[in-house]
Protein chains: 2
Amino acid sequence: MREIFDAELKQIGDGLIEMSRLVESAITRAGTALLDGEHELAQDVIASDRTIDQLERELDERCVHLLAQQAPVATDLRVVITALRISATLERMGDLARHVAEVARGRYPALAVPPSARGTFVAMNEAAGLVARRTTELLSTRDVTLAEEIEVGDDAIDMLHQDTFGATLDPAWTGTAQETVDVTLLGRYYERFGDHGVSVARRITYLVTGEFDTAATASPASSPAEV
Amino acid sequence: MREIFDAELKQIGDGLIEMSRLVESAITRAGTALLDGEHELAQDVIASDRTIDQLERELDERCVHLLAQQAPVATDLRVVITALRISATLERMGDLARHVAEVARGRYPALAVPPSARGTFVAMNEAAGLVARRTTELLSTRDVTLAEEIEVGDDAIDMLHQDTFGATLDPAWTGTAQETVDVTLLGRYYERFGDHGVSVARRITYLVTGEFDTAATASPASSPAEV
């Protein structure tokens, strides 16, 4: 029984790593599509989100099947439940990458982000890419020191998100209403992406160390809506 | 064993109903705080979100405990897993109500929503209140015809969300950049709130009827980011 359980758990873990890799690729490409105005790349990110959704469904079925067949308890049970939650979180990260790509596609052949905010989004996309990359590594290695890097990346995104408000609310802002709307929503998408990365990091840290952080049990707290 | 399982399941169901009632109260009061500029009410909504978060944690522990103690299979297992997912969704709906209240508080004593967009948000808050109320009723009665009303409410929110873009992008829009940002984010919060209501409705419908809608297994699809 134990061997079967471990083998199935390994497959679930591999599924999460695969999802995370696809999310990493999606957010990186979505950022390029956004910043360089690449229509085909945007289309590609949007289309490939379906693969992430499909992987989530398969993974969830696998988890439910494992619960039914093996009736795990204690830590084993928590591992499976955590996998279910992480797959839902990765699926949302995929959605957010898709949303970034949708904004890029919607403005093509123009660029959604005006030159004055470009630097912020270049940095934001780099930080989001880092969060995604470290999430994949954390899922692969269970090296919890990576969780700290994910938190740092998320902090960077939060600061850059604040910068987007600073930019649009500055009297010197010359963006159109469309640009204000786009910068506001894009900032929100990246901010949520970072939050979800932190959620995954905390859940894995909890599983590995047993150290309980109440923040890890709830959905990722999004930053206050006040700007 | 069966009696114990049913009794515990009943408690989990009651917990979901309680969460949903709190969410319903939160979104309704957040809307009033937003539209009437009521600072204390906004504070109250923000503070009471902690109760929803706490309920989610308790409910999740109860579900995990039930899985460990009773090792349910087949439909029973799916019911518990679905309860876990619904509690996470309700927790997010609470967060979104809190975000609306945070915007209201951040602009006090001014109103966040300019007069020209007020009608849209009055209607949006009514539709969100309807979605929340029907969600509570659906959880209480399992009357799946209510799910349809939730979908209708969500469709109304989506149309009103589009109206917010129509307003801010209209050349006649005279709102400040702050108002553009607020209207954009508030529209997004309500839109997500409606999506989550639909997610709960579909999951319960699936449990009650056994009719599988693939959309119900993934996270709620949010409307395209294109505006």
Side-chain angles (χ1 to χ4, degrees), chain A residues 46 53-54 56-57 60-61 63-64 67-74 77-78 80-81 84-85 88-89 91-92 94-96 98-103 105-107 164-165 168-171 173 175-178 180-186 188-189 214 217-222 224-227, chain B residues 46 53-54 56-57 60-61 63-64 67-74 77-78 80-81 84-85 88-89 91-92 95-96 98-107 164-165 168-171 173 175-178 180-186 188-189 214 217-222 224-227:
Chain A
I46 294 161
D53 295 350
Q54 181 57 31
E56 188 207 8
R57 281 192 287 274
D60 285 3
E61 277 311 302
C63 288
V64 172
L67 290 173
Q69 296 295 309
Q70 302 268 334
V73 295
L77 174 58
R78 284 188 191 272
V80 180
I81 297 290
L84 273 173
R85 287 174 170 148
T89 304
E91 191 273 331
R92 273 306 295 158
D95 285 348
L96 291 162
R98 172 168 55 81
H99 288 342
V100 171
E102 282 165 345
V103 174
R105 185 178 66 176
R107 298 300 155 263
T164 64
F165 293 126
T168 52
L169 302 178
D170 191 312
W173 173 253
T176 62
Q178 179 75 70
T180 307
V181 168
D182 286 341
V183 164
T184 301
L185 286 177
L186 288 166
R188 174 85 184 153
Y189 300 146
T214 52
T217 58
S219 293
S222 58
E226 285 174 55
V227 295
Chain B
I46 293 162
D53 295 349
Q54 180 58 31
E56 189 208 8
R57 280 192 288 272
D60 285 3
E61 277 311 302
C63 288
V64 173
L67 290 173
Q69 295 295 309
Q70 303 267 335
V73 295
L77 174 58
R78 284 190 189 268
V80 180
I81 297 292
L84 274 172
R85 287 176 170 147
T89 304
E91 192 272 333
R92 273 306 295 159
D95 286 348
L96 291 162
R98 172 168 54 81
H99 288 341
V100 171
E102 283 165 345
V103 173
R105 185 177 68 176
R107 296 301 154 263
T164 65
F165 293 124
T168 53
L169 300 178
D170 190 313
W173 173 254
T176 61
Q178 178 75 71
T180 307
V181 168
D182 286 342
V183 164
T184 302
L185 285 177
L186 288 165
R188 174 83 183 154
Y189 299 148
T214 51
T217 58
S219 293
S222 58
E226 286 174 57
V227 296

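All figures in this text were calculated on a predicted structure; none of them were measured in a lab. Here is the naming used below: chain letters follow the sequence lines, and residue numbers restart at 1 for every chain.
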Undergrad: Between A:L67 and B:I81, is any pair of side-chain heavy atoms under 4.5 Å apart?
TA: yes
Undergrad: To the nearest 0.5 angstrom, please state how far the CZ atom of A:R188 sits from the NE2 atom of B:H99.
TA: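 So the CZ of A:R188 and the NE2 of B:H99 are separated by 4.5 Å.
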Undergrad: With a 4.5 angstrom heavy-atom cut-off, which part of B:L84 approaches chain A: side chain, backbone, both or neither?
TA: side chain
Undergrad: Where does B:L77 contact chain A at under 4.5 Å (heavy atoms): side chain, backbone, both or neither?
TA: side chain
Undergrad: In the structure I gave you, are the side-chain heavy atoms of B:T180 and A:Q178 within less than 4.5 Å of one another anywhere?
TA: no
Undergrad: Salt bridge check: are B:R78 and A:E61 linked by an N-O gap of less than 4.0 Å?
TA: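 Salt bridge between B:R78 and A:E61, a charged N being under 4.0 Å from a carboxylate O: yes.
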